[in-house]
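The structure appears right after this line, and notes come after that.
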Amino acid sequence: MEENTVVKCTDCGSRNLGEDFVRGERSCLDCGLVLAENIIDPGQEWTDYDGDKSRARAGPPTSVLWHDKGLSTDIHWSNIDFAGKRITGAKRSQLFRMRKWQRRARSFSSFERNMESALTEMSRLASLMDLTKAVKEEAAVIYRKALEKDMVRGRSIDAMVAASLYLANQKLKTARSLDDFERHSRLKRKAITRAHKSMKANLKLRIAVSEPEEYVPRFCNLLGLPPEIVLATKNLLLDARKRELTHGKSPTGVAAAAVYVAARLNQRPRTQREIADISGVTEVTIRNRYKEIVDELGIDLD
DNA sequence: ACACGTAGAGAACTGGT
DNA sequence: ACCAGCACTCTACGTGT
């Protein structure tokens, strides 16, 4: 398929490579060297919302006029036939089975209908906000979980959709502010935060608590710093963690500051501006964090 | 050019009511 | 459900080397 696929890190020779289709990078998991950029996600083009590997989806009702057709018909709970006679034996257990399947069919269809309209709104919002496909898919998974837990009933689908996208962005580290959502969805801020809150409380979302270490290889690579600096930075972060300098701070800020210190200590200085540009944190934050680090760890930079 | 510090505002979380 | 207070980061400055 890809004839030029790198199998070994060109720097340290490790075969321990990883691919990140969100960022579009293939990189060495040991030294962090980015070996390829803009790689293509070979995954399926469509989303398997059903989890059954079929591309089939239950569509919306073809017409409101047909709304009650078929599935909404009730099988009465009492085991009495049209003539008022009790139904027994095999007939009776057949009825039980029929009721069971009817329940399933009905809830399945309303589930899919909800999902369908949620996905429509999700696509609308996502394209308005320029969100990636990966984010949309993540959000769809989150929303589906919420729906399965029956958390959408009584709330607006739109609010839950917005919250799903919000969480998906967080999870994929492409966070958007609530302001962005308020601007593009005609929802009130409160509606979104409420939905967000209940989702966060009820779904066991593993929004990976990102650690500063995760950013180090990438930052160093972008700054043209060698693997030694990656190592030095990570050691620095280890000490910083022990002194609780990393708690409650943005991991990117801490990582950027640690890189700044390590680079200077190893005679490969980079300016705060350079680091700020590639890390997405400001010089001010780098200053604040790196001050804490050198003060607490008793590092002399001169 | 670079580093440093500060003020004010905004975002998101917490706890009290 | 709502508000006030919070710790943190950002923007936008001015100052110092």
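Because only heavy atoms are used, hydrogens play no part in the values below, and waters and symmetry mates are left out as well, while side chains stay in. Lettering follows sequence order; numbering is per chain, from 1.
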Problem set entry | For atom NZ of A:Lys197 and atom C1' of B:dG15, their distance in whole Å | 10 Å
Exercise. Given atom CG of A:Asn169 and atom P of B:dA12, what is their separation to the nearest angstrom?
Worked result: 11 Å
Exercise. Closest to the A:Val284 side chain: C:dC2, B:dC4, C:dT11?
Worked result: C:dT11
Exercise. Counting side-chain heavy atoms from CB outward, which of B:dC13, B:dC4, C:dT11 is closest to A:Thr282?
Worked result: C:dT11
Seminar exercise, completed: Against the side chain of A:Lys291, the closest entry in C:dC8, C:dC2, B:dG5 is B:dG5
Problem set entry | Presence of A:Thr285 side-chain N/O under 4.0 Å of C:dT9 phosphate oxygens OP1/OP2 | no
Exercise. Just how far, in rounded Å, is P of B:dG5 from CG of A:Asn288?
Worked result: 9 Å
For this session: Tell me yes or no: between the side chains of A:Tyr290 and A:Asp295, is some donor less than 3.5 Å from an acceptor?
Result: no
Exercise. Say you draw a straight line from CE of A:Met122 to OG of A:Ser185; how long is it, rounded to the nearest 0.5 Å?
Worked result: 12.5 Å
Problem set entry | side-chain N/O A:Tyr290 vs B:dG5 OP1/OP2, d < 4.0 Å | no
Seminar exercise, completed: From the candidates C:dC3, C:dT11, B:dA3, the one with an atom nearest any side-chain atom of A:Lys190 is C:dC3
Exercise. Given atom CD1 of A:Ile286 and atom C1' of C:dC8, what is their separation to the nearest angstrom?
Worked result: 15 Å
Exercise. Does A:Ser279 reach the side chain of A:Thr252, with side-chain heavy atoms less than 4.5 Å apart?
Worked result: no
For this session: May I ask you to evaluate whether A:Lys200 reaches the phosphate of B:dC13, defined as a side-chain N or O under 4.0 Å from OP1 or OP2?
Result: yes
Seminar exercise, completed: Rounded to whole Å, the NE2-P distance (A:His247 to B:dC13) equals 18 Å
Problem set entry | Closest to the A:Arg289 side chain, choosing from B:dC13, B:dG5, C:dC8 | C:dC8
For this session: May I ask you to verify if any side-chain N or O of A:Arg194 is less than 4.0 angstrom from the OP1 or OP2 atom of C:dA1?
Result: yes
Exercise. To the nearest Å, how far apart are A:Glu292 CD and C:dC8 P?
Worked result: 8 Å
For this session: Would you kindly give the CZ-to-P distance between A:Arg270 and B:dA1, to the nearest whole Å?
Result: 17 Å
Exercise. Any idea which of B:dC4, C:dC2, B:dA12 is nearest the A:Gln272 side chain?
Worked result: B:dC4
Problem set entry | Side chains of A:Ser117 and A:Thr120, donor plus acceptor under 3.5 Å | no
Exercise. Tell me: CD of A:Glu244 to C1' of C:dC8, nearest whole Å?
Worked result: 17 Å
Problem set entry | Toward the 5' end of DNA chain B, by each residue's nearest nucleotide, A:Leu178 or A:Tyr260 | A:Tyr260
Exercise. Within a strict 4.5 Å, meaning less than it, do heavy atoms of the A:Glu228 and A:Arg268 side chains meet?
Worked result: no
Seminar exercise, completed: Regarding the side chain of A:Thr271, the nearest nucleotide among B:dC13, B:dC2, C:dT9 is B:dC2
